[in-house]
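Scroll down for the structure; my scribbles are underneath it.
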Amino acid sequence: MSAVSVGPEDFDIGAEIAALTADDREIGAVVSFTGLVREMTAAGALDEMTLEHYPGMTGAALEAIVAEAQERWPLSGVRVIHRVGPLAPGDRIVLVLTASRHREAAFEAAAFLMDYLKTRAPFWKREAGAHGAAWVDAREADDAAAARWGDDRS
Amino acid sequence: MSAVSVGPEDFDIGAEIAALTADDREIGAVVSFTGLVREMTAAGALDEMTLEHYPGMTGAALEAIVAEAQERWPLSGVRVIHRVGPLAPGDRIVLVLTASRHREAAFEAAAFLMDYLKTRAPFWKREAGAHGAAWVDAREADDAAAARWGDDRS
Amino acid sequence: MQVLYFAWLRERVGVGSEEVDPGPATTAAELIEELKRRDPRYSAAFADVSAIRVAVDQKMVALDSPISEAREVAFFPPVTGG
Amino acid sequence: MQVLYFAWLRERVGVGSEEVDPGPATTAAELIEELKRRDPRYSAAFADVSAIRVAVDQKMVALDSPISEAREVAFFPPVTGG
């Protein structure tokens, strides 16, 4: 199974963790990150969030981020799932899983994957509610979070 | 439901995450940490790991660690499950869940909970295999990990 | 070359992708200027170039990167996934 | 007072808990010395005091903490859960 999936389908966190850790008795630590659609935005209550992406590039961009995490930390397994299309408040958006012998690598790699995904993977969020619709602005905090890992972009 | 459970029973990560996030539309980030029994130890292959604990103290110690995490980060939910008794390679030992509006708080609080749990909660691991049985030594790396959050022990 | 637009850039340009002759433009930044000369839709879409990111052949690059050999150039706002 | 032992300390002492008269001991460290005087089992169990942690009334404290008011004193090696 590829480490990366992009599509409209929801995912099952428990099943994904089970698949990642099956048959490997040297995994001591598994970290999951799940991103969810929040209902309240700065503009008002959200009815729908739509995730647009760049289909020709998304898979390769996520694979590159995964490869970089695997280079930096001794990981037994990595899984990234990102949904696209229309989502409702409370819906799952993204799942990152990391497995390693010890917890430090699993925690750091999961945080790294999310920081890089937020700043390097071609997804865009559009929020719609009673107040109208708007594209979400990039957060400066996300750039700062990504920068802490050292920038290796050529 | 209490934030803390200690007992011999296994847990279902997906169900625990679902329970923690149900009916809260302001959660944007959920982090889980799962600790698993690794088969290979320094002494040889493991047949069984036994978790001993201090029943009169364990629950309160974990509740205190959870309370400290809630004081330090804006968390929408926290869950800690720790198993005791005999476990086999690949078995789940511990689950830590954190939920928050943004990922930084969820990641940091989960790492903090694990670091403090490893150094402040009264559990002891005993490993048994063909080579014999031995109590696991505390890792200096765990003390160092806990120290990075600042020591507030009086 | 094929030029793609995403998110609000796509909405302002009015199409998601189109075949474009880059003319004299040799970098992504020059292609933006060339498009702005051709039609006011692009002037509106690319009014604030600091808000524009570019990928050449599906790799994110700086705006001054060459496009002479490119088959596909994509323009979009800063990404907001995850 | 009730004195508890865990992990290898329990195995070396031979019991998980026992009622103990602390005698003249007023701190956890003094209680260890008192126990060592009473029986060689304790001398073996508490040979390396740097490897011993203590909880008084179910709170982890330093070895020089007072035990005069304590109902329950627990001795154990550094914890290894998680």
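- The candidate with the highest count of non-hydrogen atom pairs below 4.5 Å against chain A, out of B:Asp115, B:Asp91, B:Asp12, is B:Asp115.
- Counting heavy-atom pairs closer than 4.5 Å to chain B, the top residue among A:Gly14, A:Ala145, A:Ala111 is A:Ala111.
- Counting only residues at least two apart or in different chains, salt bridge (charged side-chain N to carboxylate O under 4.0 Å, His left out) contacts with residues 23-37 of chain B comprise B:Glu26-B:Arg101.
- A:Phe33 approaches B:Ala29 most closely through the heavy-atom pair CE1-CB, 3.5 Å.
- Each of A:Gly28, A:Ala106, A:Gly90, A:Pro89 has some count of heavy-atom pairs under 4.5 Å with chain B, and the biggest count is that of A:Gly28.
- Residues passing the side-chain contact (heavy atoms from CB on, under 4.5 Å) test with A:Ala133 are A:Arg126, A:Ala128, sequence neighbours excluded.
- Only the side chain of A:Ile13 comes within contact range of chain B, judged by heavy atoms closer than 4.5 Å.
- Test B:Ile27, B:Val30, B:Thr21 against A:Thr34 for side-chain contact (heavy atoms from CB on, under 4.5 Å) and you get one pass: B:Val30.
- Your options are B:Arg92, B:His102, B:Glu39, and the one with the most heavy-atom pairs under 4.5 Å with chain A is B:Glu39.
- In this structure, chain B has heavy atoms under 4.5 Å from both the backbone and the side chain of A:Ala110.
- Side-chain contact check for A:Arg103 versus B:Asp142: some heavy-atom pair is nearer than 4.5 Å.
- The CE atom of B:Met114 lies 9.5 Å from the CD atom of A:Glu104; values are rounded to the nearest 0.5 Å.
- For B:Val37, the part lying under 4.5 angstrom from a heavy atom of chain A is the backbone only.
- To the nearest 0.5 Å, atoms CG (A:Leu97) and OG (B:Ser32) are separated by 7.5 Å.
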